[in-house]
Protein chains: 2
Amino acid sequence: MPRAGLDPAAVVAAAAALADETGPAGVTMGLVAERLGVRTPSLYKHIDSLADLNHGIAALAMAEAADAIRDAVAGLSGRDALAAMCRAFRDYVLKHPGRYAATTGATATGPGDPLALAGERVIGSMAAVLRGYRIEPDQMNHALRTLRSLLHGFATLQAANGFQWDADQEVSFTWLIDFAHRGLMSMSPDSPS
Amino acid sequence: MPRAGLDPAAVVAAAAALADETGPAGVTMGLVAERLGVRTPSLYKHIDSLADLNHGIAALAMAEAADAIRDAVAGLSGRDALAAMCRAFRDYVLKHPGRYAATTGATATGPGDPLALAGERVIGSMAAVLRGYRIEPDQMNHALRTLRSLLHGFATLQAANGFQWDADQEVSFTWLIDFAHRGLMSMSPDSPS
DNA sequence: CAAGGTTGGCTAATACGATTAGCTTTAAGC
DNA sequence: GCTTAAAGCTAATCGTATTAGCCAACCTTG
């Protein structure tokens, strides 16, 4: 019996692809194994458990999202950077709804956890964008959380088809970006109360 | 063997309580049955499946959230209404993280689905609050989606302990409300671009 | 190149949770 | 007091995660 040449990253990658196709609940050890041309128990040579596999998918998704955002905002600033970041994040989640869904509920085990590190990279790119707005330094964390909430919320709701009625979601997202831009502008210290 | 006097609502209520205590993954037919003093198969006299039970939990959570928001904004308008609504929603999710988590991923089966109806009630209260801002009628849907995304995102991230660093989350939420208020104000048609 | 140990795959077995089948008793209505 | 639908039970089935233990394939080292 020839070897399949697997490693943890390959298993996680196959599971992530499966998650995107079937949804997070469709990620089963049997299906992942089948896709890799291997029997189910063999997966345990590379991952600890299904929970561990989901954690790996979440870390992969967060890292890919961080890359997408970093690339999107490179060379941009101000409102252009904000818009590019929002779209990059939203596009990533729409393109990979299953693996991003794995991040909801996944909790980092510690500061060195790849999931935590990837999350830090996302936050870092967001912070760079926010530097284009005149936010007081001691309010930066609040602004980051708010922005992250806005994007996470929109992306997950849209990915889950949570928006029932059918006004164009692309127009809504453009509206959201405008709203965020104006809100951030008005939070600068010399803006009227 | 005396009867337990169950009905679908009682089963869903017990499951929802369990979800809050153990997380959504902890909701198992066996545990729900045990909590109701009944054997597992008996639950199937009241619900169709575990998926059906989760759907019921989601509908319950959405209905309770709708009630909380309705009560919170009663008699208020403008910025006060916005703040009260945001806090009511956030507080509800923090108080019932498990059952609210059931709404992510639950999808309404049709227009008459209780989950859809409860969602409409939430949207309705949000729309009432937004009427205090001068939003163009054809942009109301965009504003609703944006507001919902913001709240859903913040509440779920906080409930999942997704905010790693430890700046006071209450202060962050106050900042978020201020941000939303200013953003909405500036989206009025006579505001500068 | 041959020996030996480590790794990655396999089959078989176990455990647990969801679900179904079919029986029995309760309780509600006539 | 009967009849009957509903609500509970036990027993059985099935799918999925996980573990145990075996064997072949690769890598190392002489």
Side-chain angles (χ1 to χ4, degrees), chain A residues 1-60 98-99 101-107 109, chain B residues 1-60 98-99 101-107 109:
Chain A
M1 57 198 87
R3 295 233 177 153
L6 298 183
D7 56 33
V11 175
V12 169
L18 190 60
D20 288 338
E21 293 167 29
T22 68
V27 177
T28 176
M29 297 297 261
L31 288 178
V32 173
E34 183 184 9
R35 178 161 299 212
L36 290 166
V38 115
R39 298 309 186 111
T40 303
S42 305
L43 298 179
Y44 289 87
K45 298 290 181 172
H46 307 288
I47 58 164
D48 288 343
S49 64
L50 181 61
D52 179 48
L53 182 56
N54 276 313
H55 189 93
I57 297 173
L60 175 64
R99 61 185 82 182
T103 67
T104 74
T107 178
T109 60
Chain B
M1 58 198 92
R3 294 231 176 156
L6 298 183
D7 56 33
V11 175
V12 169
L18 190 59
D20 288 338
E21 294 167 29
T22 67
V27 177
T28 176
M29 297 298 261
L31 288 178
V32 173
E34 183 183 10
R35 178 162 298 213
L36 291 167
V38 115
R39 299 307 186 115
T40 303
S42 304
L43 298 180
Y44 289 87
K45 297 291 180 174
H46 307 287
I47 58 165
D48 288 343
S49 64
L50 181 61
D52 179 48
L53 182 56
N54 276 314
H55 189 93
I57 296 173
L60 175 64
R99 63 185 80 183
T103 67
T104 73
T107 179
T109 60

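Predicted, not measured: the structure shown is a model, and the values here were computed from it. Every chain is numbered from 1 and lettered A, B, ... according to where its sequence line falls, protein lines coming before strand lines.
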Original post:
Just to confirm, is there a sub-4.0 Å distance from OP1 or OP2 of dT18(D) to any side-chain nitrogen or oxygen of T40(A)?
Top reply: no
Quick check: do [X] and [Y] have side-chain heavy atoms less than 4.5 Å from each other?
{"X": "I47(B)", "Y": "M29(B)", "value": "yes"}
{"X": "V11(B)", "Y": "P8(B)", "value": "no"}
{"X": "T104(B)", "Y": "T104(A)", "value": "no"}
{"X": "L43(A)", "Y": "L36(A)", "value": "yes"}

Could you please name the option among [options] that lies closest to any side-chain atom of [X]?
{"X": "Y44(A)", "options": "dT18(D), dG8(D), dT20(C)", "answer": "dT18(D)"}
{"X": "S42(B)", "options": "dG8(D), dT19(C), dT19(D)", "answer": "dG8(D)"}
{"X": "P41(B)", "options": "dT10(D), dA17(D), dG8(D)", "answer": "dT10(D)"}

Whole-Å distance separating the [atom1] atom of [X] from the [atom2] atom of [N]:
{"X": "E34(A)", "N": "dC10(C)", "atom1": "CD", "atom2": "C1'", "answer": "17 Å"}
{"X": "K45(B)", "N": "dT24(C)", "atom1": "NZ", "atom2": "P", "answer": "14 Å"}
{"X": "L43(A)", "N": "dT7(C)", "atom1": "CG", "atom2": "P", "answer": "18 Å"}
{"X": "L50(A)", "N": "dT18(D)", "atom1": "CG", "atom2": "P", "answer": "6 Å"}
{"X": "L36(A)", "N": "dC10(C)", "atom1": "CG", "atom2": "P", "answer": "11 Å"}

Original post:
What residues in residues 10-23 of chain B put a non-hydrogen atom under 4.0 Å from any atom of DNA chain C?
Top reply: none
Subject >> Heavy atoms from other residues, nucleotides or ligands near CD of E34(B) exceed 12 (cutoff 6.0 Å) >> reply: no
**OP:** Give a yes or no on whether R35(A) atom CZ has more than 12 heavy-atom contacts from other residues, nucleotides or ligands under 6.0 Å away.
**Re:** yes
